[in-house]
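As the structure is a prediction and not an experimental result, all values here were calculated from the model.
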Amino acid sequence: MTEELQQQNARLRAKIDQLVESHPELETVVNGVALKQPANASPAQVQANLQERARAIIEAEPELEGVFED
């Protein structure tokens, strides 16, 4: 389960990073949420934080919602 969660986290992080690279205006939105994550976060906490970042991106740029649909 942990390995699967880590793989999901890596995929979601890659999507977020790719979006920030192509939409630099999202960096502040994403970084604001990222700073809430504790340094020693569990994979589940990382997942929750990444999902919050994705929601923040969608809130800022609703047309990007489809990027996160699997």
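- For Q7, the CD atom sits in a packed shell: over 12 heavy atoms of surrounding residues, nucleotides or ligands are nearer than 6.0 Å.
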Show me the donor-acceptor pairs, under 3.5 Å and distance only, between side chains in residues 52-59 and residues at least two apart or in other chains.
{"from": "E52", "atom 1": "OE2", "to": "K36", "atom 2": "NZ", "distance (Å)": "3.0"}
{"from": "R53", "atom 1": "NE", "to": "N49", "atom 2": "OD1", "distance (Å)": "2.6"}
{"from": "R53", "atom 1": "NH2", "to": "Q37", "atom 2": "OE1", "distance (Å)": "3.4"}
{"from": "R53", "atom 1": "NH2", "to": "N49", "atom 2": "OD1", "distance (Å)": "2.8"}

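- To the nearest 0.5 Å, atoms OG (S42) and CG (L5) are separated by 8.0 Å.
- Atom CD of Q51 sits in a crowded spot, with more than 12 heavy atoms from other residues, nucleotides or ligands closer than 6.0 Å.
- Under a hydrophobic-cluster definition in which Ile, Leu, Val, Met, Phe, Trp and Tyr are linked whenever side-chain heavy atoms come within less than 4.5 Å, directly or via other members, L26 and V33 are assigned to different clusters.
- At distances below 3.5 Å, not a single donor-acceptor pair connects side-chain atoms of N9 with backbone N or O atoms of V46.
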Can L19 and E61 be said to form a side chain to side chain contact (heavy atoms under 4.5 Å, CB included), step by step?
CA-CA 11 Å; L19 283 174; E61 300 283 342; over 6 Å; no
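- Distance check: D17 CG to E27 CD gives 10.0 Å after rounding to the nearest 0.5 Å.
- Around the CD atom of E63, the shell of radius 6.0 Å holds more than 12 heavy atoms that belong to other residues, nucleotides or ligands.
- Test R11, K15, R13, Q8 against L50 for side-chain contact (heavy atoms from CB on, under 4.5 Å) and you get one pass: R13.
- Under a hydrophobic clustering in which Ile, Leu, Val, Met, Phe, Trp and Tyr are joined whenever their side-chain heavy atoms come within less than 4.5 Å, directly or via other members, L12 and V20 fall into the same cluster.
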